[in-house]
2 protein chains.
Amino acid sequence: MAMTQTAEQRYTKPVLVAINKPLDEEDSLEALRSHALFCNLRPKDLDSLIQQSRRLRLGHHQLLYRQDMPAHHFFFVISGRLRLYRLDSSGVDRTLDSIAPGDCFAEVMIYANPPKYACYAEALKSSEVLMIPVKAYRELLDRNPEYAQAALSHYAMRAVSRFHDLEIMTVQNARDRLIRYLIDLLPNGAEEGGEVELPLPKCLVASRLAMQPETFSRILADLKSNGLIRVNRSKLFISDPQRLIAISQ
Amino acid sequence: MAMTQTAEQRYTKPVLVAINKPLDEEDSLEALRSHALFCNLRPKDLDSLIQQSRRLRLGHHQLLYRQDMPAHHFFFVISGRLRLYRLDSSGVDRTLDSIAPGDCFAEVMIYANPPKYACYAEALKSSEVLMIPVKAYRELLDRNPEYAQAALSHYAMRAVSRFHDLEIMTVQNARDRLIRYLIDLLPNGAEEGGEVELPLPKCLVASRLAMQPETFSRILADLKSNGLIRVNRSKLFISDPQRLIAISQ
DNA sequence: CTGGGTAATTGACTTAGCTCAATTATTCGC
DNA sequence: GCGAATAATTGAGCTAAGTCAATTACCCAG
């Protein structure tokens with residue numbers, strides 16, 4: 001079962017030795033330029049930051065960093081998808097977040113003290129990330145204090161969203177947690193229905209929501225049989241979010 | 001039962017009309033001066049910020065702000081204790097955090113957009129808070145960009161700690177969640193034992209950990225009968241944290 | 001210090017969700 | 001496109017934890 005198999009067991013490759021090539025080409029960094037952390041940087045500052053960064057290719061299931069490793073870099077996802085997880089004392093693997101292209105992660109390390117990664121990060125499929133030196137970004141902020149504003153507001157948003165994640169987890173039954181999770185995946189929340197794609201394989205969504213994969217599967221089957229959702233692989237169609245909320249009391 | 005009684009039902013007093021007196025006296029603000037967000041401010045800047053703030057007295061169970069209220073202030077706890085919680089659609093009250101003297105809260109609102117409180121805040125007992133205008137603090141940061149560093153590193157720490165809170169909640173059984181929670185309350189974590197005081201009444205700790213008060217009580221009784229903890233009101237004595245961790249597999 | 005209200009505990013019962021196990025899909029490397 | 005490995009589903013049984021109810025212990029206001 002995936003949840004009891006640890007990343008330690010799965011991956012013997014050393015961390016952070018993926019093929020990395022200099023970032024001379026300018027393709028596929030448009031998303032970076034529009035990211036909240038970077039969109040206000042002067043072009044020359046951003047270019048310099050990119051020059052000091054490395055593009056990294058990660059294979060399916062490849063580990064990017066380990067919890068407690070000294071954090072010298074933070075990351076921007078160019079393509080693919082990653083997940084953040086922790087291992088507890090008994091080696092159980094707890095998925096805490098998934099990261100999509102266009103997102104940054106471990107950026108909180110820029111100002112953490114000590115700068116140690118708070119979790120593991122691995123690629124869920126073959127992915128490309130930009131590996132940005134913490135030192136370079138900090139120096140940029142120190143030389144240009146006006147840039148701090150964007151970082152502060154980015155961190156504030158992140159804090160609110162983690163707070164919200166915590167709220168879901170205080171919901172005491174598995175079905176209601178799953179329903180809240182699905183509704184948060186909808187682009188407009190409970191406002192209107194639509195199709196959502198699970199950002200993680202089902203067994204990892206289950207782990208994220210503190211339930212067993214079997215329980216996840218049964219709840220989904222039940223919602224489906226009640227006509228509340230339609231399921232197609234990892235894509236779910238929710239026609240009426242309000243009805244979903246209603247059944248969760 | 002406390003968990004199903006909503007704050008709305010309990011409190012009819014208007015919010016934010018507690019007696020507030022100007023902060024001319026300088027007593028009991030020592031803790032403020034040593035807080036990470038303020039300790040690097042030049043005395044004249046800090047004094048000006050304090051001048052623009054108001055000291056607020058809150059009675060037992062008094063509501064300070066509501067979720068989604070526009071956030072014009074953030075807060076520093078001078079004395080007493082508060083809790084942060086949310087209400088879900090069915091009116092169930094979910095405790096997410098408790099705030100002790102010397103802590104700031106809602107400070108993330110300084111840079112949130114829109115500036116709306118992400119939760120409710122109420123006093124758990126009679127408390128005094130300093131009510132700091134977001135505008136004043138933002139202006140201070142805008143005029144003195146070098147101050148941003150402290151705010152950034154404070155936010156980074158907060159993010160890591162929320163991430164950790166989330167991790168506890170992915171633990172799938174109530175006993176293990178409670179054990180992890182208790183160990184986090186120990187000053188030195190699992191390193192050495194000691195006495196911890198529950199920061200919330202037991203029924204709210206239960207809510208925070210997504211379990212029923214009855215379950216909380218039974219788990220505590222069981223740990224006690226196994227000699228793993230000693231209980232005295234809201235004070236728990238943990239002699240051997242490693243043994244506790246061991247039984248949580 | 002006393003009484004009313006809330007919080008905590010304990011018991012009995014029920015059920016959601018976990019575990020184990022077997023089967024069927026799906027995915028990915030070759 | 002084939003086959004091995006992983007993921008998802010489904011069933012059966014069991015147990016942790018929820019519910020309801022009654023009792024006892026606290027805590028603050030008066």
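Just so you know, these numbers use all the heavy atoms, side chains as well, and skip hydrogens, waters and symmetry mates. Here is how names work: the chains are called A, B, and so on, in the same order as the sequence lines, proteins then strands, and each is numbered from 1. Remember, predicted model here, so these are calculated numbers, not experimental data.
The base of C:dC20 does not come close enough to the side chain of A:Gln212 for any donor and acceptor atom to sit less than 3.5 Å apart.
B:Thr215 has a side-chain polar atom (N or O) that falls below the 4.0 Å cut-off from OP1 or OP2 of D:dG18. Regarding contacts with the backbone of D:dT9, a side-chain N or O of A:Lys202 is found under 4.0 angstrom from either OP1 or OP2.
For A:Arg175, the salt bridge (Lys or Arg N to Asp or Glu O under 4.0 Å) criterion is met by A:Asp222, not counting sequence neighbours. Listed by chain and residue number, B:Glu197 satisfy the side-chain hydrogen bond (donor to acceptor under 3.5 Å, both in side chains) test with B:Ser234 (two or more places apart in sequence, or in another chain). Residues satisfying the ring pair (Phe, Tyr, Trp, His ring centres under 6.0 Å) criterion with B:His164, sequence neighbours excluded, are absent altogether. The ring pair (Phe, Tyr, Trp, His ring centres under 6.0 Å) check on A:Phe105 picks up A:Phe75, with sequence neighbours excluded. Under the side-chain hydrogen bond (donor to acceptor under 3.5 Å, both in side chains) criterion, B:Asn188 pairs with B:Glu192, sequence neighbours left out. The side-chain hydrogen bond (donor to acceptor under 3.5 Å, both in side chains) search around A:Asp103 returns none, not counting sequence neighbours. Looking at residues two or more places apart in sequence or on another chain, you find a side-chain hydrogen bond (donor to acceptor under 3.5 Å, both in side chains) between B:Arg158 and B:Glu107. Every salt bridge (Lys or Arg N to Asp or Glu O under 4.0 Å) that B:Arg180 has, sequence neighbours left out, goes to B:Glu167.
Rounding to the nearest 0.5 Å gives a distance of 8.0 Å between CG of A:Leu124 and NE2 of A:His60. In this structure, the separation between CZ on B:Arg94 and CG on B:Leu84 is 15.5 Å, given to the nearest 0.5 Å.
Using modelled atom types, no side-chain atom of A:Arg81 and backbone atom of A:Leu200 make a donor-acceptor pair closer than 3.5 Å. The backbone N or O of B:Ala210 sits less than 3.5 Å from a side-chain atom of B:Arg177, completing a donor-acceptor pair.
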Considering only nitrogen or oxygen atoms on both sides, find all protein atoms under 3.5 Å from nucleotides 25-29 of chain D and state each distance.
residue, atom, partner, partner atom, Å
D:dC27, OP2, B:Arg233, NH1, 2.9

Close N or O pairs between protein and nucleotides 1-5 of chain C (under 3.5 Å):
none

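Per the geometry, NZ belonging to A:Lys235 stands 14 Å off P belonging to C:dT26, to the nearest Å. Atom CD in B:Glu214 sits about 13 Å away from atom C1' in D:dT23, given to the nearest Å. Atom CG of A:Leu124 is separated from atom C1' of C:dC28 by 15 Å (rounded to the nearest Å). The separation between A:Asn232 atom CG and C:dT26 atom P is 9 Å, rounded to whole Å. As a whole-Å value, the separation of A:Gln172 CD from D:dT19 C1' is 12 Å.
Using a 4.0 Å cut-off between charged nitrogen and carboxylate oxygen, A:Arg162 and A:Asp97 count as a salt-bridge pair.
In this structure, the nucleotide among D:dA7, C:dT19, C:dA8 sitting nearest to the side chain of A:His61 is D:dA7.
Listed by residue number, the members of residues 173-182 of chain B with any heavy atom below 4.0 angstrom from DNA chain C form an empty set. Near DNA chain D, meaning a heavy atom under 4.0 Å away, the residues from residues 218-230 of chain A are A:Arg218, A:Ala221.
The two residues A:Ile179 and A:Ile245 make their nearest non-hydrogen contact at CG2-N, 4.4 Å.
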